[in-house]
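The next block holds one structure in the form of structure tokens; read it before the comments.
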Amino acid sequence: MSSVPLELRAVERRYKTEAGTLAVLKGAELALQAGEIVALVAPSGTGKSTLLHLAGLLERPDGGEVFVEGKAAGTLSDDARTAIRRNTIGFVYQFHHLLPEFSALENVVLPQLAAGVGRPEAKARGEELLKQFGLGERLDHRPGKLSGGEQQRVAIARALANAPKVLLADEPTGNLDVATAELVFSELLREARDRGLAALIATHNPALAARMDRVVTLKDGKIAAG
């Protein structure tokens, strides 16, 4: 099996619009090594979210292929792709998408239960992760009782709950104030490095991007060095 956790080869993505077909990605290529944290910096509307959705198997490419741990994912069944997302890929969105009716701890436990982890083990791991993010006193709080930064830290803990090999983040601090964004990003970066994850993090912030191992951008539907 390939040692490359995530690879995009000549990936294409097109959308049908009233004006015709819009080609967003035109042969994008990228490989992430284990332990490598890559910043994706590009203007809005150039396809960053599309690229992340394809990398995270949330969409299928119109051409090319996405490989996760050396396995081509494009022709896999929806169930098989869901299993890869659940067990191998962690995703952090700009807006946390926490389940409002569940506590912080329950939001981190649920993905583990879906992956077949027993409840006691899932709860213990959830508590450990949330404590690492400074939320040990907020385990039983529902999202509505948490600040924006706390909610995003819960979302990061949730993304890490199933010990993924690949971490994808779409503007994870874009909805936070500067001070909170710095805190959350530092925690995200530390966790990714400590766990040896292959991470692709989209950000508009050049100062944050500069702290990652390398920077790539999207230009004319292809990935280029930043």
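Just so it is clear, the structure is predicted and the values come from calculations on it, not from any experiment.
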Report, one line per pair, each donor and acceptor closer than 3.5 Å where one atom sits in a side chain of residues 17-26; sequence neighbours left out.
from	atom 1	to	atom 2	distance (Å)
Thr17	OG1	Ala19	N	3.2
Thr17	OG1	Gly20	N	3.2
Thr17	OG1	Gly20	O	2.6

N/O donor to acceptor pairs below 3.5 angstrom from side-chain atoms of residues 117-126, sequence neighbours left out:
from	atom 1	to	atom 2	distance (Å)
Arg125	NE	Ala161	O	2.5
Arg125	NH2	Leu160	O	2.9

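Shown here are the side chain to side chain contact (heavy atoms under 4.5 Å, CB included) partners of Ala39, two or more places apart in sequence or in another chain: Val41, Ala209, Met212, Val215. Checked against ring-ring contact (aromatic ring centres under 6.0 Å, His included), Tyr93 has the following partners two or more places apart in sequence or in another chain: Phe91, His97. The side chain to side chain contact (heavy atoms under 4.5 Å, CB included) check on Ala115 picks up Arg86, Asn87, Asn162, with sequence neighbours excluded.
The pair Glu150-Arg138 meets the salt-bridge criterion, since a charged nitrogen lies less than 4.0 angstrom from a carboxylate oxygen. For Glu182 and Arg211, the salt-bridge test passes: some basic side-chain N is under 4.0 Å from an acidic carboxylate O. Using a cut-off of 4.0 Å between Lys/Arg side-chain N and Asp/Glu carboxylate O, Glu69 and Lys165 are scored as salt-bridged. Taking a cutoff of 4.0 Å between a charged side-chain nitrogen and a carboxylate oxygen, Arg60 and Asp78 qualify as a salt bridge.
Summarising the geometry, atom CG belonging to Leu52 is positioned 9.0 Å from atom CD belonging to Glu171; distances are rounded to the nearest 0.5 Å.
Annotation: Glu101, atom CD; neighbour count of heavy atoms from other residues, nucleotides and ligands within 6.0 Å is above 12.
Sorted by first then second residue, the side-chain hydrogen bond (donor to acceptor under 3.5 Å, both in side chains) pairs that include residues 191-203, not counting sequence neighbours, are Gln132-Arg195, Glu191-Arg195, Arg193-Asp213.
No hydrogens or angles considered: a donor-acceptor pair under 3.5 Å links the side chains of Asp170 and Ser49.
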